[in-house]
**Q** 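The following block contains the structure, expressed as structure tokens.
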Protein chains: 2
Amino acid sequence: MVSLKDISVRCGVSVATVSKALNGHKDVSEATRERLVRTAREMGYFPNAQARALKTNRTYNLGVMFLDEAGRGLTHEFFAKVLNSFKTEAELAGYDITFISNKDIGGRRMSTYEHCKYRSVDGIVIACTDFTAPDVFEVINGDIPVVTIDHIFDCRTAVVSNNESGMEKLLNYAADCGHTKIAYIQGKRSAVAEKRLAGFYKACVNRGIEVRSEWLPVGDYCNPDITYQLTKKLLKGKDVPTCIFMPDDYAAIGGLNAIKDLGLSVPEDVSIIGYDGIAYSQLLNPRLTTYSQDTPVIGATAAKQLISLIENPQTTFTEVITVDGQFLEGGSVKKL
Amino acid sequence: MVSLKDISVRCGVSVATVSKALNGHKDVSEATRERLVRTAREMGYFPNAQARALKTNRTYNLGVMFLDEAGRGLTHEFFAKVLNSFKTEAELAGYDITFISNKDIGGRRMSTYEHCKYRSVDGIVIACTDFTAPDVFEVINGDIPVVTIDHIFDCRTAVVSNNESGMEKLLNYAADCGHTKIAYIQGKRSAVAEKRLAGFYKACVNRGIEVRSEWLPVGDYCNPDITYQLTKKLLKGKDVPTCIFMPDDYAAIGGLNAIKDLGLSVPEDVSIIGYDGIAYSQLLNPRLTTYSQDTPVIGATAAKQLISLIENPQTTFTEVITVDGQFLEGGSVKKL
DNA sequence: TTTATTAACGGAAACGTTTGAAAAACTATG
DNA sequence: CATAGTTTTTCAAACGTTTCCGTTAATAAA
């Protein structure tokens, strides 16, 4: 690899001058700057990221903290999409992405935060299902810039999907279609679940729809099996809902199968509403009525915010940015 | 951050001794070694990855090259799963994962290979749909250890899914069920597509099944729309196939919709076979008969191979490792 | 001409490691 | 007790940058 020294001897100047020229400092004449830049290019020079980081304490590396208790990891479409846009935006600004986790190094166990220190990441984005993990708190309380996705901590910037309003929009649609007997299979307790439930209640009150606690079973996100069971249970009694909200689109498949297995059909006998707007939901027949979270914006915003935090360290101001999604009208809700 | 120097002054020895003690060199007495390791732990020491890399030219970072012309990126379930297991295995060995792409740095465009040099990754795994990209060749011809997934280059280690045998198994199953009029909507031309087609032909010959060229349309992977069109076309004529092989499970959804839209049903009127064994395929009703690629093994094997290549540089021996998958019998094929 | 000002460049230390060679401290041997 | 051998420790250079400060040269002002 060609280094600054190589360029300096070739051009008969000092390495200091080369460094300054290439980094656009002002105390180098235009003529030599041009000459140095040119030969650097000719010689195929690229800075050595490690050496630079060692001096500047800036790695241009962002850590992605990604705990997923379900072990689905990147298979989780929401996270995969968010990560994808995060990555794209970060790369545009010259940052690379490294996965961070707790791991062993040199025989000693390293926490996620220690891992970040070891790799000297400039910033961390946290996206996970379990924000109560100790590793998360350690990072939150640390001194590395952090942006969280879909969870709000005091004094930390957060980018959250507008779960409350998304839920409201969906319920309003169901109400518009004439549904009043509405069930909601909730996701597992979490900040996201709270928000969605809040939106559900709020809209129900607004539309004068009675909320029945027995129609609010707690299931789990991305779990078609549990959703299958709960859907069957909901439809077993004599007084059954006409419309069921699912934890998310993926889990909804379990619900659809339950309905099919009961000899019923969607939307004729029972209406179904999902959440997420994943690709499959729009390939189902009938298309699932759902709410598409704006993953491209969520990821890109998180990246922008994180980079801004890194590059303007004085900014003690932390934001909570709410990203709206889009209602997707499918054919899974019957108009009564 | 506490450094080697901090430990050395605290213990009254030189930094060299500390370094050697912590790295388990033999030329340091057991007594001092134990003492140094203990205080290092007490002081919360972690090595500085940059400094170490600068000296040793080893970053313990693996680059993931991941070109996806379709722009689906991590949303692609096969790749997401492979990457997931790759990451897990690599982390076990103390390596981190960094995404590598072509990008701009300091105004100059950097190729993927240059990017790898810049970040000094110890090795690269290539997984992508388009292995003809110039960026791929540059990496293949470079001097960094490389493992490719699902594509074979001379002189480079490759981990490939057993596409040929997978296809054979599927066709044998269809034949066992009594099907003789079999169509295959191919994926776009690629090494993978070739292998699958080869397996298809081979099994057809074995079973004495006539291969009709008009029943071998070329579609595209992960593209339900094209698959929808081609499926309709296949089922329009007067002489139609009784069983259709889809490019993959995801694309198969397009086929299923086409069949539904024609007023037909699976498997009564037409049988369907997928490829990949993605989660959804097993949630469909009826479950899709398909071939599940062993993504956990593929990813883990790739990681192991790459790390072995890195840690035993003398090994000029390159392997091609074929990973078998598993046949999944669903309910989408009718027994005639 | 002298002095002050500015512009362009170089010297050198520093970042935190690793590592081979040299030195020092022991141990054993005759 | 000297010598050789062995074990343990330190020295010092090196990896490729960045950056503060000093130096030189050129220009402007007095």
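Each chain gets a letter, A, B and so on, in the order the sequences are listed, and its residues count up from 1.
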**Q** Could you tell me, to 10°, how much the axis swings from one end of the helix from C/dT1-D/dA30 to C/dG30-D/dC1 to the other, five pairs per end?
**A**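 Its terminal axes enclose an angle near 60°.
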**Q** Which heavy atom in B/Ser161 sits nearest to a heavy atom in B/Ile298, and how many Å separate them?
**A**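 Scanning both residues completely, I find the closest heavy atoms to be CB-CD1, 3.9 Å.
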**Q** List in chain and number order the residues that pass side-chain hydrogen bond (donor to acceptor under 3.5 Å, both in side chains) with B/Asn61, two or more places apart in sequence or in another chain; answer none if no residue qualifies.
**A**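 Per chain and number, B/Asn61 pairs via side-chain hydrogen bond (donor to acceptor under 3.5 Å, both in side chains) with B/Thr98.
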**Q** Can you name the closest pair of heavy atoms from A/Ala300 and A/Glu89 and give their distance?
**A**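 Reported closest heavy-atom pair: O-CG, 3.6 Å.
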**Q** Does anything in residues 19-27 of chain A come within less than 4.0 Å of DNA chain C? Heavy atoms only, and list the residues if so.
**A**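 The stretch gives A/Lys20, A/Asp27 as the residues lying under 4.0 Å from the strand, ordered by number.
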**Q** Test your reading of the model: is there a side-chain donor-acceptor pair from A/Ser19 to the backbone of A/Leu4, 3.5 Å cut-off?
**A**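 Pair absent, no side-chain N/O of A/Ser19 close to backbone of A/Leu4.
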**Q** Testing the 3.5 Å rule here: is there a donor-acceptor pair between the side chains of B/Thr157 and B/Gln305?
**A**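 Side chains of B/Thr157 and B/Gln305: no pair found under 3.5 Å.
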**Q** Which heavy atom in A/Asp122 sits nearest to a heavy atom in A/Tyr60, and how many Å separate them?
**A**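 Taking A/Asp122 first and A/Tyr60 second, the nearest heavy atoms are OD2-N, 2.6 Å.
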**Q** Assess B/Lys117 against A/Phe46: is NZ or CZ under 6.0 Å from the centre of the six-membered ring, and within 45 degrees of the ring's axis?
**A**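 Ring-cation test returns no.
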**Q** Please confirm whether the backbone N or O of A/Ile140 pairs with a side-chain atom of A/Arg156, one donor and one acceptor, at under 3.5 Å?
**A**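 Yes, the answer is positive, given that a donor and an acceptor are paired below the 3.5 Å cut-off.
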**Q** For the residue pair A/Phe153 and A/His151, does the interplanar ring angle fall in the parallel (under 30°), tilted (30 to 60°) or perpendicular (over 60°) class?
**A**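 It falls in the tilted class, 30° to 60°.
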**Q** So if I take residues 3-14 of chain A and measure heavy-atom distances to DNA chain C, which residues fall below 4.0 Å?
**A**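 Close to the strand are A/Gly12, A/Val13, A/Ser14.
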**Q** Considering non-hydrogen atoms only, spot the tightest contact between A/Lys5 and A/Val15 and give its length.
**A**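 Closest heavy-atom pair between A/Lys5 and A/Val15: CA-CG1, 3.6 Å.
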**Q** For B/Val28 and for B/Ala51, locate the closest nucleotide of DNA chain D by heavy-atom distance; then report the residue assigned to the nucleotide nearer the 5' terminus.
**A**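 By nearest-heavy-atom nucleotide position, the 5'-most residue is B/Val28.
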**Q** When you match B/Ser29 and B/Asn57 each to their closest nucleotide on DNA chain D, which lands nearer the 5' end?
**A**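 The residue whose closest nucleotide sits nearer the 5' end is B/Ser29.
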**Q** In whole angstrom, give the distance that lies between atom CG of B/Leu54 and atom P of D/dT17.
**A**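 Those two atoms, CG and P, are 9 Å apart.
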**Q** For DNA chain C, which nucleotides open and close the run of contacts to chain B, 5' to 3', at under 4.0 angstrom from a non-hydrogen atom?
**A**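 With heavy atoms of chain B under 4.0 Å away, the range is C/dG16 to C/dA21.
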**Q** Parallel, tilted or perpendicular: which describes the rings of A/Tyr118 and A/His115, with under 30° parallel and over 60° perpendicular?
**A**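 Tilted: the ring planes of A/Tyr118 and A/His115 meet at 30° to 60°.
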**Q** Identify, with sequence neighbours excluded, every residue that meets salt bridge (charged side-chain N to carboxylate O under 4.0 Å, His left out) alongside A/Lys20.
**A**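 With sequence neighbours excluded, A/Lys20 shows a salt bridge (charged side-chain N to carboxylate O under 4.0 Å, His left out) to A/Asp27, given in chain and number order.
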**Q** Show, in sequence, the C-alpha distance, side-chain angles and deciding distance for A/Val320 and A/Val160, and conclude whether the side-chain contact (heavy atoms from CB on, under 4.5 Å) test is met.
**A** CA-CA 7 Å; A/Val320 172; A/Val160 295; 4.3 Å; yes
